[in-house]
Every structure is written in C-alpha cells, then in structure tokens.
Amino acid sequence: MPKVEVSCAIANCTYYGEGNVCTAEKIMVELDNHARYDTEMSSELGEKNHQDSAVNSAETCCKTFKPKQS
C-alpha cells in the first residue's frame, strides 16, 4: 500500500498534525457535488501555514474530518 503525506489546513480536526499533516490511518475522499473545481489548485499543495476550522465534515472536502473534543 502506498504511503503518502496528506496536507490539511483544518486545525480543529482530531487528525490534524504538526506542519498541517493529516495523521489519520485512512482517509475517505468523496465527490463533492457542491464544490467548484474550475481553477488550478496544485500551487496550494505546498502551503503549510494556512489553517481553518470546521464544524462537521460537510464543511470540508474530507469525509474523515472529526472535530477535536474540547
């Protein structure tokens, strides 16, 4: 199985790790019918300093998202 580093900017996720790295063992990726993907995003892949917060996975493009317990 390939091992790949997944960058993530959702700082309030249980799986958010230092350096904006996802620490989940498995990640669920699903088609997001409401998102617009009409621009080139590859330039953002190297960004490590951006952080956001979300309430639930519907607010992200990641179905693995789980809010940190306060």
Side-chain angles (χ1 to χ4, degrees):
M1 178 115 145
K3 185 172 183 171
V4 66
E5 180 179 299
V6 176
S7 295
C8 176
I10 312 299
N12 70 317
C13 181
T14 297
Y15 306 110
Y16 178 82
E18 185 177 336
N20 286 25
V21 175
C22 180
T23 63
E25 288 186 26
K26 294 181 181 180
I27 298 169
M28 174 62 183
V29 178
E30 187 172 27
L31 180 64
D32 186 345
N33 290 326
H34 302 290
R36 290 186 56 200
Y37 297 106
D38 57 357
T39 59
E40 179 63 48
M41 304 300 277
S42 62
S43 63
E44 296 179 13
L45 294 177
E47 187 175 332
K48 295 280 188 180
N49 297 320
H50 179 80
Q51 295 180 5
D52 287 313
S53 293
V55 175
N56 55 48
S57 62
E59 292 184 356
T60 74
C61 292
C62 177
K63 301 303 176 186
T64 307
F65 171 80
K66 178 180 170 185
K68 289 182 181 177
Q69 298 295 320
S70 299

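Only this structure's heavy atoms are used, side chains among them; waters, hydrogens and symmetry mates stay out. Note that the numbering runs from 1 along the sequence shown for the chain.
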request  = Go through the steps to decide whether N12 and F65 satisfy the test side-chain contact (heavy atoms from CB on, under 4.5 Å), and finish with yes or no.
outcome  = CA-CA 9 Å; N12 70 317; F65 171 80; 3.9 Å; yes
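Side-chain atoms of S7 do not come within 3.5 Å of backbone N or O of V21 as any donor-acceptor pair. At least one donor-acceptor pair closer than 3.5 Å links the side chain of T14 to the backbone N or O of K66.
Separation of atoms OG1 (T23) and CD (E18) is listed at 11.5 Å; rounding is to 0.5 Å. Atom CD1 of I10 is separated from atom NZ of K68 by 11.5 Å, given to the nearest 0.5 angstrom.
Residues satisfying the side chain to side chain contact (heavy atoms under 4.5 Å, CB included) test with C62, not counting sequence neighbours, are I27, T60, T64.
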